[in-house]
Student: 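Before I ask anything, let me first share the structure, which is written out below as structure tokens.
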Amino acid sequence: MHEPLDPRYNHKAIEDAIYKKWESSGYFNPDNLATKNKERGVKKSKSLTKNSKLTSSAKREDPFTIIMPPPNANGSLHLGHAVFVTLQDIMTRYARMKGKKTLWLPGADHAGFETQVVFDKKLEKEGRNRFAMDRETLWKEIWDFTQQNKKVMESQLRKLGASCDWSREKFTLDPDIVRIVYDTFEKMYRDGLVERDAGIISWCPKHQTSLSDLEIKDIERTDSFYYFRYGPFTIGTARPETKFGDKYVVMHPDDTRYKEYKNGEQLHLEWINGPLTATIIKDEAMDMEFGSGVMTITPWHSTVDFDIAMRHGLDKEQVIDERGRLLPIAGEFAGMKILEARPKIVEKLRLKGLLARTDEAYRHTVRACYKCNTLIEPQIKKQWFVRMTRALKTQAQKTNRLPANKIHHHGVSLRDMAVKAATSGKMKFHPTHAKKILLHWMENIRDWNISRQIVWGIRIPAWFCASCGEIKVNATPKAKLFLVRHGETDWNKEERGHGHANPPLNNAGIAYAGTLATRLRAWKIEAIITSDLHRARHTAEIIAHGTNARIIPAQELRGRNVGIAQGMYHTERRALYGDIFQSYEKAPPGGESFKDFEERTWSAFREHRTTHRHKNIVIVTHIETIHAILKRTKKWSMEQMIARQSEKSGFTEFDILDPCLKCKNDLYEQDPDVFDTWFSSGQWPFATLLASQETKNKEQGVRIPTTSKDLKTFYPTSVMETGHDILFFWVARMIMFGLYRTGEVPFRTVYLHGLVRDKDRQKMSKSKGNVIDPLGVAEEYGTDAVRMALVMGNTAGNDILISEDKIRGYRNFATKLWNIARFILMYQNKTEIHDSTHPPAYQIPKKYKFTATDKKFLAEAKKIKTEVGKHIEKFEVHLAAEKAYHYVWHTFADTIIEHYKPKLQKVTPPLAEDGTPAKPHKIPNKTTREKAEVARHILNSILMDSLIILHPFMPFITESIYEKIDPKNLLMTKPW
RNA sequence: GCGCGCUUAGCUCAGUGGUAGAGCGACUCGUUUACACCGAGUAGGCCGGGGGUUCGAUCCCCUCAGCGCGCACCA
């Protein structure tokens, strides 16, 4: 006799417990699934055929894999996440019930720039600013922030019912992942696919970093368009503020209007800040129809101009700085912000009679940072670029330290690999047109800037020889060396020269030393070598307190003996002895020449370095000592050093690597930049599988795992399910990286879902107040209802409309299902409910006769089960859900149950209010009893089928009902 | 400029070369011992316009219109 179910399904009471039951069963992990099946006596198959399809004849050995798109660890989950969780969980649960070796691998993304932006806002609220923070402190804070978010996210994924294998969970900053990312970078570097180059990049003046083309959005707007007289020409521009240095005037070679001018011809003309010599350039990139057909170029701040300048080998000059202010080249406008300067520049040109006319209503699009809408300022910078269309160098392949994995990509570019794989049908796309969109993008693909000037991310594993600039990639530093300036004294504050005088640290100096200690705590510092002067020594002691390092005083590291200038104010010193202090050889009266000072400190520096080879050391000393050491290390001339003095390199760090092959120096500086997040997440499918069970490849003497059990078993993965908005950002990159590193596509099927919108098609946003919190509605209506609402009526690629009404509708369905079960279980007071999917346990006694209607109902249930499965296999999840929903409610409940209800009630009247069985109205005869028995069997059977077909969509309620029927087993692993 | 889609009931969307479907909403009626978070039923559509292929087109082809999206250009 079954306990009667409550009249209402109470999701709050059961969801957490059900999830715990699943999780503790261990069956989220496919390794346990396999064992379990063996026990059940399922035959082992040797075939390791990888099926991307959720085929019906699966063996546990057939893998089914989804790598979860790792949510950004910078906030909590929103409805978009709920969509992917639902879709992927449906596919995963179906595959598992189908008997596949099913892996859904969860993870989280550090989401470099995105997280940095979120964190910047948080800092701003607190009145802080990342540009005033040191790298280590900022890193630590963001790390803690993301770890916290990650924890919340994990619990939210559980709440949504995600049946993923937590034992394989990965974070993009896990050391093993980072190592794999580094290896890929190194391999690409050796193959000539990644290069450091001074290219024109898109710079966000607010975020102070470069961005990729994908991180920029176009904004259409109306601006003034100015026509200026530039010598005999009229040039048009919307950006007068860039025009200061324009000394090239470009026109199309076929433009008859200007045929009298020859390429390279020079002419003198009057320009913004005075006379100028301009050079004529003929270039076919010019559009003769646009404006006057003539323009001047600013190669430093325009992609098109940059290209022209490169073609003709022209000079390039920076006009606007990184913060969007004009540089000294702008003369009187220097230091002004662009928008402030623009009208003033126009006014000046007008007064000079150089303004021909102004078009006030010029419609054009400008490029802006996708996060803050700040206008992008193109800049020329040395950065790392992935060459998308460059063919792999065969030569490099041979000398590659990394194994090639039998991949032969000779003469093929990353783009070509991806295009070939997409066109060859190795991957299926849902919706199908996604393939066309991808190919079109690939055709027009451009090199990818992967350097980001932020702290949060995977730091680029490239080191530059401090002496000759030679690049080393993917090195392993042996030790770190810090050159640190002592804290401030009152003399520093008053701008007086110290020499060997000994004033104490002031309060600011002590505080600064404290921040150094905090910062250096990130490394295991073994020794602090310090100038023996009090200010340095005191600083060293404070640092030592934070690091437990040994202090070694060294008199030779004292600053320069300035003799007579000791205690003198800098202004006075400059007036009296300026030339001496600018000179290499000359010594001030009673003091040292720079040459002698440099010799003294350099030899001390070398000696200490030899003594403490391969240990992390800090050298606390004086600014001029640091400059002297840098001068020698970097082989600067005196002039170069003086020019750099303003940089105030009070904190300089070096990595010690194997000596440079070119110049024998072993001090290196690591590229301060980090990778574009997508550079690491683009490697996610193979990186997660490789990292989860890495094995070392001893044969090749390589410390990098090139394969793993998981990679062999689960790669290529079955499905990549993600939002269509990151088709280029992510999917395209995963295809390229996957092919490049493993020779295989990373996934067989790409399924893209749309954006979640509200019922009025509005994008959800906090400011509109139409945001539905998935966890909130799950709490109110039950997770199953939310999942159904997200799946119903939604096709791949289309936007998903959701409203609370819709969710409420599926909550009603959950109640309906609950009551179906309640009704059937109510009549099970005689016979245990049986499970049609376990034939030995379920046999309808032969003596019972089935009517044609009985048979029809049973056959129909089987048919529906097959059809729902087929829909899932064809990635028509919405149709599967709809079919299951419709069948269960309108066929099973409305027709079948109603059909059998009287037969049951004749034998066993329903339970009374208090749950006790009522007495039959009269003693039923044999036929009546048999009919009731058949009815029970049929209803049991169809109930089980209903639970099975609904389980992927509504896992909690179905498992919860199943628990009442069969408390010892899980519906989750029941064969479909 | 290049590319990709979409247009079917009031709304959201399925769908198929052979008489148009679901959910929600609307309306009518019913039921209260599985479920009112229920049941039975009704209304509502020249399947965007035009042309073609076909015995037959909502479906295939062409074209036009409207809407949406992506990419590029943007002096």
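The chains referred to below are lettered A, B, ... by the order of the sequence lines, with proteins before strands, and numbering in each begins at 1. Heavy atoms only: backbone and side chains are in, while hydrogens, waters and symmetry mates are out.
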Student: If we count only N and O atoms by modelled type, under 3.5 Å, do the side chains of A:Trp448 and A:Asp676 hold a donor and an acceptor together?
Tutor: yes

Student: Taking atom types as they are modelled, is there a donor-acceptor pair under 3.5 Å from the base of B:rC24 to the side chain of A:Ser803?
Tutor: no

Student: Under the 3.5 angstrom rule, does the side chain of A:Trp300 hit a backbone N or O of A:Ile200 as a donor-acceptor pair?
Tutor: no

Student: Is the phosphate of B:rG21 approached by A:His886 (side-chain N or O, under 4.0 Å from OP1 or OP2)?
Tutor: no

Student: Mind calculating the distance between NZ (A:Lys435) and P (B:rC4) to the nearest angstrom?
Tutor: 14 Å

Student: Without decimals, in angstroms, what is the distance between A:Asn819 CG and B:rU32 C1'?
Tutor: 13 Å

Student: Quiz question: by atom type and distance under 3.5 Å, do the side chains of A:Arg415 and A:Thr389 form a donor-acceptor pair?
Tutor: no

Student: Look for any protein N or O under 3.5 Å of an N or O in nucleotides 5-15 of chain B and output each such pair with its distance, or none.
Tutor:
unit_1: B:rG5; atom_1: OP1; unit_2: A:Lys436; atom_2: NZ; d: 2.8
unit_1: B:rU12; atom_1: O3'; unit_2: A:Arg761; atom_2: NH2; d: 3.3
unit_1: B:rC13; atom_1: OP1; unit_2: A:Arg761; atom_2: NH1; d: 3.2
unit_1: B:rC13; atom_1: OP1; unit_2: A:Arg761; atom_2: NH2; d: 2.3
unit_1: B:rC13; atom_1: OP2; unit_2: A:Arg761; atom_2: NH2; d: 2.4
unit_1: B:rA14; atom_1: OP1; unit_2: A:Thr795; atom_2: OG1; d: 2.5
unit_1: B:rA14; atom_1: OP1; unit_2: A:Asn798; atom_2: ND2; d: 3.0

Student: If we count only N and O atoms by modelled type, under 3.5 Å, do the side chains of A:Thr296 and A:Lys243 hold a donor and an acceptor together?
Tutor: yes

Student: Mind calculating the distance between OH (A:Tyr810) and P (B:rC38) to the nearest angstrom?
Tutor: 13 Å

Student: So, A:Ser960 and A:Glu963: side-chain donor and acceptor under 3.5 Å apart, yes or no?
Tutor: no

Student: Return the pairing partner of B:rG5 with a 3.5 Å limit on both distances, Watson-Crick or G-U wobble; otherwise return none.
Tutor: B:rC67

Student: Tell me: NZ of A:Lys964 to C1' of B:rA34, nearest whole Å?
Tutor: 16 Å

Student: Which residue, A:Asp218 or A:Asp805, contacts RNA chain B at a nucleotide closer to its 5' end, judged by nearest heavy atom?
Tutor: A:Asp805

Student: Between the base of B:rA40 and the side chain of A:Glu898, is there any donor-acceptor pair under 3.5 Å?
Tutor: no

Student: Ignoring backbone atoms, test whether A:Arg8 places a side-chain nitrogen or oxygen under 4.0 Å from the OP1 or OP2 oxygen of B:rC37.
Tutor: yes

Student: Does NZ or CZ of A:Lys865 fall inside the cone over A:Tyr887's six-membered ring, less than 6.0 Å from its centre and within 45° of the axis?
Tutor: no

Student: Nearest to the side chain of A:Trp889 - B:rC38, B:rA34, B:rA22?
Tutor: B:rC38

Student: Could you check whether A:Met792 gets within reach of a base, just the sugar-phosphate, or nothing at all, counting any heavy atom under 4.0 Å?
Tutor: nothing

Student: Do the rings of A:Phe228 and A:Trp271 sit parallel, tilted or perpendicular, given the 30° and 60° boundaries?
Tutor: perpendicular

Student: All N/O contacts under 3.5 Å from nucleotides 66-71 of chain B to the protein, with atom names and distances to one decimal?
Tutor:
none

Student: Any donor-acceptor pair under 3.5 Å between the side chain of A:Thr815 and the base of B:rC35?
Tutor: no

Student: Just by distance, no angles: are the side chains of A:Thr815 and A:Asn812 close enough, under 3.5 Å, to form a donor-acceptor pair?
Tutor: no

Student: For a quick test of reading the model: is some side-chain N or O of A:Lys816 closer than 4.0 Å to OP1 or OP2 of B:rG39?
Tutor: yes

Student: Have a look at A:Tyr9 and say if it touches a base, only the backbone sugar-phosphate, or nothing, with a 4.0 Å heavy-atom cut-off.
Tutor: nothing

Student: From the options B:rC38, B:rA72, B:rG23, select the nucleotide whose nearest atom is closest to the side chain of A:Arg446.
Tutor: B:rA72

Student: So, A:Glu804 and A:Tyr781: side-chain donor and acceptor under 3.5 Å apart, yes or no?
Tutor: yes

Student: Please tell me whether A:His312 and A:Asp283 have a donor and an acceptor in their side chains that are separated by less than 3.5 angstrom.
Tutor: yes

Student: Do the ring planes of A:Phe875 and A:His430 sit parallel (below 30°), tilted (30 to 60°) or perpendicular (above 60°)?
Tutor: tilted

Student: With a 3.5 Å cut-off and no angle check, do the side chains of A:Asp218 and A:Thr365 form a donor-acceptor pair?
Tutor: no

Student: In this structure, how many angstroms lie between the C1' atom of B:rC37 and the CG atom of A:Asp784, rounded?
Tutor: 15 Å

Student: Could you check how far CD1 of A:Ile820 sits from P of B:rC38, rounded to whole Å?
Tutor: 12 Å

Student: So if I take residues 291-298 of chain A and measure heavy-atom distances to RNA chain B, which residues fall below 4.0 Å?
Tutor: A:Met295

Student: Using a cut-off of 4.0 Å on non-hydrogen atoms, how would the nucleic acid contact of A:Asp894 be classed: base, sugar-phosphate, or nothing?
Tutor: sugar-phosphate

Student: Under 6.0 Å between the ring centres of A:Phe892 and A:Phe857?
Tutor: no

